[in-house]
Amino acid sequence: MPELPDVEGFRRTLDSCGRGRQIKKVEVADAGVLRGVSAPRFARALEGRRFVAVERRGKWLIARVEGGAVVLLHFGMTGQLLCSPSTDPPHRHDRVRVLLDGGLELRYRDQRKLQGLRLATSQAAAERALAGQGPDALAVGREYFRGELGVRRAKVKAVLMDQSALAGLGNLLADEILWRAHLHPATAANQLSGRDVDRLYSTMRQVLHLSVRAQRVPARRSWLTGHREAKTLQCPRCGSSLLRGKFAGRTSVWCPYCQPER
DNA sequence: AGTAGATCCTGGCGGC
DNA sequence: TGCCGCCAGGATCTAC
């Protein structure tokens, strides 16, 4: 689930629910989601303090806490961040609960625990932890995008999903963007023409803006995403049968007519 | 440099 | 109904 648009939604949740409120208590139901930090140390760093700022970079959510600590959240494939009244019964996948002043709590809910929460003790440490992340896909300029794709021989889909090149795009977004830009996912990035790259860039921005507004990749009929789970896969644009295959280890869906191989 | 494969986890689904 | 393998919108590491 969580790609850039979803995480942007979680950022808003944390910002509106948590920022400025004092953290009363941190309850770790499953320490398996804490990375590089014990539950007691994690709780100690947060309790009694406030979240002072909330940012996002790619698929990472970054929450600054009074006193200099920074919480880094990644949602893997199944993670979510929710804001609920403390009286709501916990869900069995609520791994960490952050009880706030005023009766609300933040919940890190995750079925698969493929990623999790990290604690950086300073701004500098947080920067180091995110050093491998490229610029956010929404913040990246056309020139940078051209440069990055121009030098890569890998498949364009692999480059779009490479978080060190461009942070925030996942499998669904990559498929959607390539479908709308009429590009086959296995095309070598450096084989794309200047026009292709420009179209890809504009398409990426459009898809991201629409998705951020919906806080997810919208599964509408007019979007490729709305069709990938159907039994008979049909291109919403031309009606051709969609193809399904693996690139860069991930399932891809594409239209052989709209996105011819070259 | 690029990619396939295994790995970290859990759960839903289809097939037998 | 039960068991099994496969699959899932992520990321990292190893081996070619």
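The sequence lines fix the lettering, A, B, ..., with proteins before strands; numbering per chain opens at 1.
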- Query: Within 45° of the axis and under 6.0 Å from the centre of the six-membered ring of A/Trp223, does NZ or CZ of A/Arg228 qualify?
  - Reply: no
Spacing of [X] atom [atom1] relative to [N] atom [atom2], expressed in whole Å:
{"X": "A/Leu117", "N": "C/dA11", "atom1": "CG", "atom2": "C1'", "result": "16 Å"}
{"X": "A/Arg153", "N": "B/dA1", "atom1": "CZ", "atom2": "P", "result": "8 Å"}
{"X": "A/Met161", "N": "B/dG2", "atom1": "CE", "atom2": "P", "result": "15 Å"}
{"X": "A/Asn171", "N": "C/dA8", "atom1": "CG", "atom2": "P", "result": "9 Å"}
{"X": "A/Leu72", "N": "C/dA11", "atom1": "CG", "atom2": "C1'", "result": "15 Å"}
{"X": "A/Leu160", "N": "B/dT3", "atom1": "CG", "atom2": "P", "result": "13 Å"}
{"X": "A/Lys157", "N": "B/dT3", "atom1": "NZ", "atom2": "P", "result": "13 Å"}
{"X": "A/Arg57", "N": "C/dA11", "atom1": "CZ", "atom2": "P", "result": "14 Å"}

- Message: What contact category does A/Thr225 fall into here, base, sugar-phosphate, or nothing, at under 4.0 angstrom with non-hydrogen atoms?
- Response: nothing
- A/Arg216, nearest nucleotide to its side chain (from C/dA11, C/dG9, B/dT3): C/dG9
- For the side chain of A/His74, starting at C-beta, report the closest nucleotide among C/dA8, B/dT3, C/dA11. C/dA11
- A/Glu105 and side chain to side chain donor-acceptor pair (under 3.5 Å): which partner among A/Lys24, A/Lys25, A/Arg21, A/Arg97? A/Arg97
- Mark yes when over 12 heavy atoms from residues, nucleotides or ligands other than A/Tyr257 sit less than 6.0 Å from its OH; otherwise mark no. no
- Message: Would you say CZ of A/Arg237 has more than 12 non-hydrogen atoms from neighbouring residues, nucleotides or ligands within 6.0 angstrom?
- Response: yes
- Item | Check against ring-ring contact (aromatic ring centres under 6.0 Å, His included), A/Phe75 and A/Trp60 | CA-CA 8 Å; A/Phe75 299 89; A/Trp60 283 94; 9.1 Å; no
- Message: C/dC7, OP1 or OP2 - any side-chain N/O from A/Thr251 closer than 4.0 Å?
- Response: no
- Query: Does any non-hydrogen side-chain atom of A/Val207 lie less than 4.5 Å from one of A/Leu173?
  - Reply: yes
Between [M] and [N] - [atom1] atom distance, rounded Å:
{"N": "B/dC8", "M": "C/dC3", "atom1": "C1'", "answer": "24 Å"}
{"N": "C/dG2", "M": "B/dC9", "atom1": "P", "answer": "27 Å"}
{"N": "C/dC6", "M": "B/dG5", "atom1": "C1'", "answer": "16 Å"}

- Does the base of C/dG9 carry an N or O that pairs as donor and acceptor with the side chain of A/Asp175 under 3.5 Å? no
- Considering Watson-Crick and G-U wobble pairs with both distances under 3.5 Å, what does C/dT12 pair with? B/dA6
- Message: Going by purine N1 to pyrimidine N3 plus the second Watson-Crick contact, or the G-U wobble pair, all under 3.5 Å, which nucleotide sits opposite C/dG2?
- Response: B/dC16
- Specify whether A/His184 and A/Trp254 have parallel, tilted or perpendicular ring planes, treating 30° as the upper limit for parallel and 60° as the lower limit for perpendicular. perpendicular
- Query: In B/S/- notation, 5' to 3', how is nucleotides 4-12 of chain B contacted by protein heavy atoms closer than 4.0 Å?
  - Reply: S---BBBS-
- Message: Between the side chains of A/Asp6 and A/Lys59, is the shortest nitrogen-to-carboxylate-oxygen separation below 4.0 Å, so that they form an ion pair?
- Response: no
